[in-house]
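Input: a single structure, listed below in C-alpha cells.
Below, chains carry the letters A, B, ... as their sequence lines are ordered, and counting in each starts from 1.
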2 protein chains.
Amino acid sequence: MAVLVVVDGMGDRPLEELGGQTPLEAADTPALDRLAKRGVTGVVDVVRPGVPPGSDTAHLALFGYDPYEDYTGRGAFEALGAGLDVEQGDVAFRGNFATVREGVVEDRRAGRHVPEGDDLAALLDGVTPEGFPEVEAKVRHTTQHRCAVVLKGAEFSRQVGDVDPHKQGERVKEAVPLDGSEAARFTADVVNAVEEEFHSILSGSELNEERESRGDLPANHLLLRGAGVVPEVPSVEERFGVEGKFVAPVALYRGVAVAAGMEPVPLGGDVVSMGDVEQVEAEAEAANEAAETDFLFVHVKGTDNASHDGRPEDKVEVVEAVDDLVTELWEVHDGPVAVTADHTSPCAEMSHSGDPVPLLIHGPGVRPDVVEEFGERSCASGGLNRIRGRDVVFELMNLEGRVPLHGE
Amino acid sequence: MAVLVVVDGMGDRPLEELGGQTPLEAADTPALDRLAKRGVTGVVDVVRPGVPPGSDTAHLALFGYDPYEDYTGRGAFEALGAGLDVEQGDVAFRGNFATVREGVVEDRRAGRHVPEGDDLAALLDGVTPEGFPEVEAKVRHTTQHRCAVVLKGAEFSRQVGDVDPHKQGERVKEAVPLDGSEAARFTADVVNAVEEEFHSILSGSELNEERESRGDLPANHLLLRGAGVVPEVPSVEERFGVEGKFVAPVALYRGVAVAAGMEPVPLGGDVVSMGDVEQVEAEAEAANEAAETDFLFVHVKGTDNASHDGRPEDKVEVVEAVDDLVTELWEVHDGPVAVTADHTSPCAEMSHSGDPVPLLIHGPGVRPDVVEEFGERSCASGGLNRIRGRDVVFELMNLEGRVPLHGE
C-alpha cells in the first residue's frame with residue numbers, strides 16, 4: 001500500500017511566538033522526523049511558485065492532475081463529496097440556506113444554525129423547474145447552512161455566475177452566462193428558474209414557519225455559487241492501476257478524491273463535529289483498517305482551521321496528532337508513504353499563501369538524503385529538491401513501479 | 001514596497017584571474033551577503049535551463065510573463081523605452097542611421113557618432129509612405145546612431161524580416177514577409193515604402209551635406225530590424241494590484257517595464273552617458289526617492305557592459321556599487337527585496353550564456369536558509385532551490401499577499 005497524507009495548510013512561516021520556528025518545526029514529531037531521516041525530502045509548489053493554491057486546485061494537483069488545465073470549478077467536488085452523483089453534462093453548485101426578504105439578502109447563512117437542513121433539502125431534492133421539464137435538481141444538505149446542488153438532465157455549462165451576492169444587505173443576483181455559449185445561456189436560465197422554485201417551496205414550508213415562531217430567521221432561500229462540472233481526468237486506477245481509498249472528513253476533499261476515482265473509507269462517529277485533534281485520532285483508526293488498500297489518501301483538516309484562526313499553538317497540537325497517526329499507521333503498514341501539505345497557511349496571515357510546502361517520502365527504494373527533520377526549512381535542502389504538486393503522486397507510485405513508461 | 005533589483009549579466013563563471021572566483025564571489029558585498037544570510041536564496045533559469053536569455057525575453061520573464069508565449073519581438077520594447085507610444089496593431093523596429101551608397105551598406109552605423117541624430121529623426125517623424133496614405137511612421141532618436149521606429153495606422157504583423165543586412169559591404173535587404181499572412185505581406189510592403197521615403201529624405205538633407213563637408217560619413221539611411229508588437233499581457237497592476245515604477249537608464253529595459261504597466265522614476269543628470277559605477281550611484285538616489293511605490297524595479301547595466309568587454313575587474317566594481325545601492329535602499333525601505341540577474345554573461349565568453357543566475361529574497365515572512373553569502377555557487381544550496389525567471393516576481397509578491405489564489 002502507498003499512503004498519501006495531506007495535512008491541510010500545514011506549511012507556515014517562522015513565528016516570533018514560537019521562537020522563530022514554524023508550527024511544524026516547533027511541534028514534537030518523532031515519527032515524522034524518523035521518516036524524514038530515513039526517507040527523502042523536498043519542497044513542493046502545489047500549483048506553481050508563489051501562487052496560493054485553492055483547496056480544490058491543490059488536491060487536484062496532489063492527485064496528479066494539472067491544476068490549471070484540469071480544473072473545472074469547485075461545485076462538482078462539493079457535490080461529489082456530499083455523496084451526490086455528478087456526471088458529465090451535469091453542473092453542480094455550493095448552496096447556502098439564506099434569509100431573503102423582498103429580494104434582499106438579510107442573512108447569507110440564515111443564522112448559521114439550520115438543524116432542519118436535511119428536511120429542508122429533502123423538500124428541494126428532485127425539483128423540476130418551471131419551463132424545463134427535462135431538468136431535475138438534486139439537493140443535499142451538508143453542514144450547518146450548507147448544501148450541494150446538482151442540475152441533471154441536460155448539457156450544462158459551468159460558465160455561469162453566482163446567484164449569491166456574497167454580501168448581506170444586497171439583492172440576490174440573477175444568474176448570468178459568463179461566456180457566449182448557448183450552454184451557458186441555457187444554464188443561467190435554468191438556475192434562475194430553479195432559484196425561483198426553491199424560494200417558493202422554502203417560503204411556504206412549515207419548517208420555516210416553525211423557525212420563525214421560535215424566533216429564528218427563516219431559511220427561505222438557497223443561494224447558489226461556485227458552478228463546477230466534473231473534470232474529465234483518468235482515475236487513479238486508470239493511470240496507475242491501483243484501487244484508491246480515502247480517509248477524509250470534509251466534503252470538498254472527499255469530492256476531489258471521488259473525482260479521482262477513489263472510494264471512501266467509513267469513518268466512525270460524527271467526525272465532522274469533532275475537535276481537530278480528536279478528528280485526527282478517528283482518522284488514524286479508519287486508516288489502519290484500510291491497510292489492505294493499494295493507495296490510501298488521508299486528509300487532515302485541523303491544521304488549516306488553526307491557521308485561519310491564527311492559533312499557532314493549536315496548529316502545533318494538530319501536527320503532533322498527525323505524528324501519532326503516522327506512528328499508528330506504521331504498525332500496520334510498511335509501503336511507501338508521502339506526507340505533505342496542500343498549501344502554506346501562515347498563522348500570521350490567516351489565509352493561504354504561495355510558499356512551497358514540505359514533503360517527505362519514505363519507503364522501500366527511496367534514496368535517503370541528509371535531512372534529519374521534517375520542516376519547511378529542513379526539507380528545502382532535501383534530495384527531492386523542489387517539485388510541483390502534480391509530481392508528488394507520481395514520485396510515490398514510482399516507488400511501487402506503478403507509473404507507466406513514457407515512450408518505449 | 002517590494003523591490004526587484006536586476007543586475008544585468010551579473011552571473012558569471014569562475015575566473016583564473018580572480019583566483020577561481022566569479023566576479024560576484026570576488027566582490028566585497030557586505031549588504032548583499034547580509035540579505036542572503038537573513039533571507040532565502042536560490043538559482044534561477046531565467047528562460048529555461050541552459051538557454052541563454054536575450055535581454056528582452058529575460059526581463060519579460062522576470063516581470064512574470066512567459067518568455068516564449070508572451071514574447072512578441074524586441075522592437076516594441078525599444079520604442080516604448082524611447083518614449084514612443086506603441087498600441088495594439090502597431091509594429092515597431094530598432095533602426096540604425098547608416099551610410100548606404102548605391103544600395104550597399106558602407107557603414108552600418110554611419111561612423112557611430114551622429115550628434116545631429118535628434119534633428120535627423122525629426123525629419124523622418126510623421127512620414128507617410130507613398131501608396132499608404134493611412135500609415136504614419138513615428139521616429140525617435142535614442143543614442144549614437146540608434147533610433148526607434150513605430151508604424152501606425154493599420155493592422156501590422158511582426159512577421160517581417162530585417163532590412164538591415166547586419167554586415168558592412170552587403171546590399172540593403174528588401175523587407176520580406178516571414179509567414180503567409182496578409183498582414184505580414186502588407187507590413188513588408190509598407191516597410192519597403194518607408195525605407196525608400198526615409199532614404200530620399202535623409203539623402204537630400206542639409207544635415208548630411210554638413211556631415212560630408214566635415215568629412216563624416218552621411219547618415220543617409222535608417223536600417224530597420226527587430227520587428228515587434230506590444231505583447232498582450234496583464235499589467236503588474238492588473239495581476240498584483242500594485243503600482244509599479246522603474247529606475248532604468250537604458251531604453252530596452254524601460255520599454256519592457258512600460259509594457260508591464262510600470263511608470264518611470266525620473267533619473268537626474270545624463271545617466272545614459274555616465275560611467276558604469278557613477279550610473280549606479282545616480283540610480284540609488286532615484287530609487288530612494290521612489291520609496292513609497294508599491295513595486296519598484298531597478299535595472300543595473302554596468303555589469304553586462306563589463307562582461308561583454310571581458311573586464312572582470314570592472315565587473316567586480318559595478319557589483320560593489322550595487323552593494324552600496326542596496327545599503328542605501330535599506331535606509332528607506334524594509335519590505336521584501338529580490339536581487340538577481342537577467343542572465344549569466346561570462347567575462348571569458350563576452351556574451352550571454354544559459355547558466356542559471358543567483359537570487360536572494362529578503363523580507364518579512366521569508367524562511368531563511370543556511371546560505372550566508374550571495375554568489376552563484378552559494379545560492380545553488382539555497383532554500384528557494386532552482387526556479388524559473390517568471391516565478392521570481394510571484395515569489396516576491398507572495399510575501400506581500402499580492403498573488404491571487406488559484407482555485408477556491
Side-chain angles (χ1 to χ4, degrees), chain A residues 11-15 20-22 25 42-61 67-68 71-75 77-78 94 225-226 228 252 256 342-344 346 348-356 358 375-382 384-387, chain B residues 2 4 38-46 49 61-66 69 236 239-240 295 336 338 340 356 359 361-371 378-408:
Chain A
D12 211 303
R13 295 173 178 170
L15 287 163
Q21 291 189 299
T22 67
E25 290 168 348
V43 289
V44 180
D45 295 298
V46 181
V47 303
R48 56 188 291 177
V51 176
S55 298
D56 44 14
T57 52
H59 281 80
L60 208 53
Y68 288 91
Y71 180 58
T72 50
R74 178 148 171 165
F77 302 127
E78 290 279 353
R94 305 165 79 182
R225 65 192 155 106
L252 173 67
V256 188
D342 57 344
H343 51 77
T344 290
E349 308 297 328
M350 301 193 273
S351 63
H352 299 193
S353 78
D355 315 48
E376 290 87 346
R377 285 180 287 188
S378 55
C379 288
S381 305
L384 289 168
N385 283 270
R386 184 169 180 161
I387 62 174
Chain B
L4 171 65
R38 295 185 190 163
V40 63
T41 64
V43 289
V44 181
D45 295 298
V46 182
L62 290 171
F63 296 153
Y65 307 114
D66 187 308
E69 302 223 331
V236 292
R239 196 172 248 173
F240 304 117
F295 173 56
T340 191
L359 165 67
I361 299 183
H362 180 279
V366 294
R367 299 170 177 159
D369 59 27
V370 297
V371 173
S378 54
C379 288
S381 305
L384 289 168
N385 281 271
R386 184 170 182 161
I387 61 175
R388 293 289 168 97
R390 66 177 303 197
D391 301 328
V392 173
V393 72
F394 285 89
E395 290 276 359
L396 190 63
M397 289 297 159
N398 172 52
L399 291 176
E400 301 235 276
R402 295 282 197 179
V403 183
L405 201 72
H406 173 62
E408 279 188 44

Non-hydrogen atoms of chain B under 4.5 Å away: do they reach the side chain of [X], the backbone, both or neither?
X      : result
A:P346 : neither
A:V47  : side chain
A:D12  : backbone

Contact check, side chains of [X] and [Y], non-hydrogen atoms, under 4.5 Å:
X      : Y      : answer
A:P358 : A:E25  : no
B:F394 : B:R388 : no
A:F77  : A:R94  : no

- Based on non-hydrogen pairs under 4.5 Å, which of B:G401, B:S381, B:P368 is most in contact with chain A?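 Going by pairs under 4.5 Å, I would pick B:P368.
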
- What residue, out of B:G42, B:G383, B:G382, B:G407, has the most heavy-atom pairs lying under 4.5 Å from chain A?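 Looking at each of B:G42, B:G383, B:G382, B:G407 in turn, B:G407 comes out on top.
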
Report the distance from atom CZ of B:R386 to atom CG of B:L359, rounding to the nearest 0.5 Å.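 Rounded to the nearest 0.5 Å, the CZ-CG separation comes to 13.0 Å.
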
Using heavy-atom distances under 4.5 Å, tell me whether [X] contacts chain A through its side chain, its backbone, both, or neither.
X      : value
B:L396 : neither
B:R390 : side chain
B:P404 : backbone
B:L405 : both
B:V40  : neither

- Taking all non-hydrogen atoms of both residues into account, name the closest pair between B:F240 and B:R402 and its distance.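 Minimum heavy-atom contact is O-CD, 3.4 Å.
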
Notebook entry, point to check: For the side chain of A:H352 and the backbone of A:P53, is there at least one donor-acceptor N/O pair under 3.5 Å apart?
Noted result: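 At least one qualifying donor-acceptor pair exists.
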
